[in-house]
Number of protein chains: 4
Amino acid sequence: MALALSLDPKDPLPLYAQLERGLKAAIATGALAEGDQLPTVRQLAVDLRVNANTVAKVYAELEHQGVVDTRRGIGTFIAGLPMTPMPKRQRTAELTALAERMLAEAVAAGFAPDDLVAQLQRIIPKFQEKSHGRR
Amino acid sequence: MALALSLDPKDPLPLYAQLERGLKAAIATGALAEGDQLPTVRQLAVDLRVNANTVAKVYAELEHQGVVDTRRGIGTFIAGLPMTPMPKRQRTAELTALAERMLAEAVAAGFAPDDLVAQLQRIIPKFQEKSHGRR
Amino acid sequence: MALALSLDPKDPLPLYAQLERGLKAAIATGALAEGDQLPTVRQLAVDLRVNANTVAKVYAELEHQGVVDTRRGIGTFIAGLPMTPMPKRQRTAELTALAERMLAEAVAAGFAPDDLVAQLQRIIPKFQEKSHGRR
Amino acid sequence: MALALSLDPKDPLPLYAQLERGLKAAIATGALAEGDQLPTVRQLAVDLRVNANTVAKVYAELEHQGVVDTRRGIGTFIAGLPMTPMPKRQRTAELTALAERMLAEAVAAGFAPDDLVAQLQRIIPKFQEKSHGRR
DNA sequence: GTGGTCTAGACCACG
DNA sequence: GTGGTCTAGACCACA
């Protein structure tokens with residue numbers, strides 16, 4: 001498993017946004033750590049069956065956000081300090097909004113809130129495994 | 001509060017998808033119950049500061065899914081039991097996919113999985129209140 | 001004169017950077033003022049004999065910087081407060097660096113520093129004319 | 001200080017163009033004078049943290065322009081009088097274009113034209129010092 | 001080989 | 001009609 005990213009062309013969320021989310025998650029879980037080289041634009045494009053421009057757009061956006069560092073002719077690498085420092089109050093508000101949105105979405109899809117929570121708790125360990133076995 | 005829906009034009013998720021998600025959530029929580037009349041296309045468009053075509057498109061899609069029932073010249077109403085029954089195995093797979101997607105999103109935004117779960121559990125009671133005091 | 005922008009394909013500076021520079025200059029001089037609609041992506045692409053994607057990329061970048069406001073299906077408009085608030089010290093340092101770079105470039109092209117200054121002073125009035133005759 | 005050149009990989013202007021501009025400026029100010037030996041391709045590449053091919057490309061271009069003279073096995077030297085003479089009318093046109101481009105850039109960065117001119121006049125003396133104390 | 005720029009052209013979301 | 005996303009493919013800058 002190179003990165004276990006998967007994109008769904010049927011998802012109304014655009015491909016580039018799905019990819020950005022996936023890459024950030026991989027960084028946040030430690031599956032990609034500081035200094036690691038990302039897959040090349042073209043390789044990832046092939047793996048995800050997506051156009052290279054789409055991948056390049058995401059890499060550029062992450063570079064813009066300071067999450068990765070691009071060295072032309074060499075490759076793209078996870079940058080030093082990712083992830084935002086932010087006032088705690090705002091952070092909490094953001095988390096609340098996110099949780100509400102997720103609850104709405106799950107319920108909209110016909111799942112009970114408790115079932116969602118249960119399922120989340122079930123997969124969290126597996127999700128975190130990705131950061132194991134790293135140097 | 002007519003529906004407490006809010007749409008964000010900057011969200012990469014298209015407006016129509018945001019609206020569809022919001023309406024389904026309102027139905028699932030009971031904020032909108034069977035037989036209730038939805039706002040007219042034009043009224044909702046004004047409330048959400050969105051083009052009427054966008055609202056109409058969502059209503060049509062929900063009608064197609066059997067979630068609402070449009071009676072010409074009268075209005076649009078919440079239909080009987082929405083959500084097609086589905087083999088349990090498939091339901092579970094869908095729930096898993098949903099949970100994974102949410103976990104990825106939360107983690108990508110810099111939140112720990114456990115914090116997300118905690119926050120969900122905190123807001124679930126408040127979320128369910130919406131369905132109280134109704135017929 | 002719609003905007004008096006011109007791009008030079010021979011310039012080693014990429015087209016999108018030339019365009020970004022030109023648009024920002026037009027805003028800074030007041031040729032484009034707050035609330036004004038920019039040319040449509042496709043129209044500007046035709047005018048400048050450039051691909052629409054190139055223009056769109058610049059508009060997106062300016063939106064990202066908060067210089068313009070994009071409303072889908074409607075158009076792109078000059079946003080409220082453009083241009084950076086920045087510590088004066090840093091500002092001065094930046095201006096110095098810019099001036100040095102320009103001097104180097106002029107001299108590299110075989111012009112005397114004084115001639116450059118003289119020429120700048122000659123064209124400054126004409127440059128500022130662009131902001132006249134506006135409501 | 002071997003040459004006081006600095007290249008910025010994030011600048012949209014390509015490295016080779018930045019380097020060419022810097023070398024020509026050094027020649028024009030007299031920091032490098034006729035007959036002076038340039039650093040070797042490899043040495044300059046190391047100093048500027050750039051690939052040797054990039055430096056070599058610039059040297060070749062300058063050689064092509066007659067600005068430097070490469071003697072195989074010995075080194076690269078500043079050639080006689082660089083800069084082809086040019087009809088005065090064309091020179092003026094070129095200077096105008098240069099000045100306009102610079103004005104646009106400064107204004108785009110949020111500086112007033114007059115401030116740019118003032119800053120230029122302030123640094124011109126210091127700039128010319130570089131050519132003093134030489135043979 | 002790696003990322004960046006640009007093009008031509010299709011299709012979608014929105015008004 | 002307006003901006004956004006995506007594709008296929010060319011060519012450039014850099015190592």
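Every chain is numbered from 1 and lettered A, B, ... according to where its sequence line falls, protein lines coming before strand lines. Since the model is a prediction, treat every value here as computed from it, not as a measurement.
Residue C:Asn51 comes nearest to C:Ala45 through the heavy atom pair C-CB, 3.9 Å, listed as atom of the first residue, atom of the second, then distance. Closest heavy-atom contact between C:Leu62 and C:Glu20: CD2-CG, 3.9 Å. The two residues D:Tyr16 and D:Val58 make their nearest non-hydrogen contact at O-CG2, 3.5 Å. Closest approach of C:Ala108 to D:Lys24, counting heavy atoms only: CB-CB, 3.3 Å.
The 5' end of DNA chain E is approached more closely, in terms of each residue's nearest nucleotide, by C:Arg49 than by the other of C:Arg49 and B:Thr54. If C:Thr40 and D:Asn53 are placed on DNA chain F by their nearest nucleotide, the residue sitting closer to the 5' end is C:Thr40. Nearest-nucleotide assignment on DNA chain E puts the 5′-proximal partner with C:Asn51, out of C:Asn51 and C:Arg42.
How far CG of D:Leu5 is from CG of D:Leu44: 6.5 Å, rounded to the nearest 0.5 Å. Separation of atoms CG (D:Leu7) and CG (D:Leu48) is listed at 4.5 Å; rounding is to 0.5 Å. Atom CG of C:Asp36 is separated from atom CD1 of C:Ile78 by 6.5 Å, given to the nearest 0.5 angstrom.
The side chain of B:Lys57 contributes no N or O atom lying less than 4.0 Å from OP1 or OP2 of E:dC14.
Counting non-hydrogen atoms of other residues, nucleotides and ligands closer than 6.0 Å to NZ of B:Lys10 gives a total above 12.
The span of DNA chain F lying next to chain C, judged by atoms under 4.0 Å from heavy atoms, is bounded 5' to 3' by F:dG1 to F:dC6.
Contact check on A:Asp47 versus A:Arg42 returns no salt bridge, with no Lys/Arg side-chain nitrogen under 4.0 Å from an Asp/Glu carboxylate oxygen.
Annotated stems with DNA chain F as a participant read E:1-14 with F:1-14, given as range with range, by first number; only runs of 3 or more Watson-Crick or G-U pairs under 3.5 Å qualify.
Contacts between residues 5-17 of chain B and DNA chain E, counted as heavy-atom distances below 4.0 Å, involve B:Pro14, B:Leu15, B:Tyr16.
At a threshold of 4.5 Å between non-hydrogen side-chain atoms, the residues A:Met102 and B:Glu105 count as touching.
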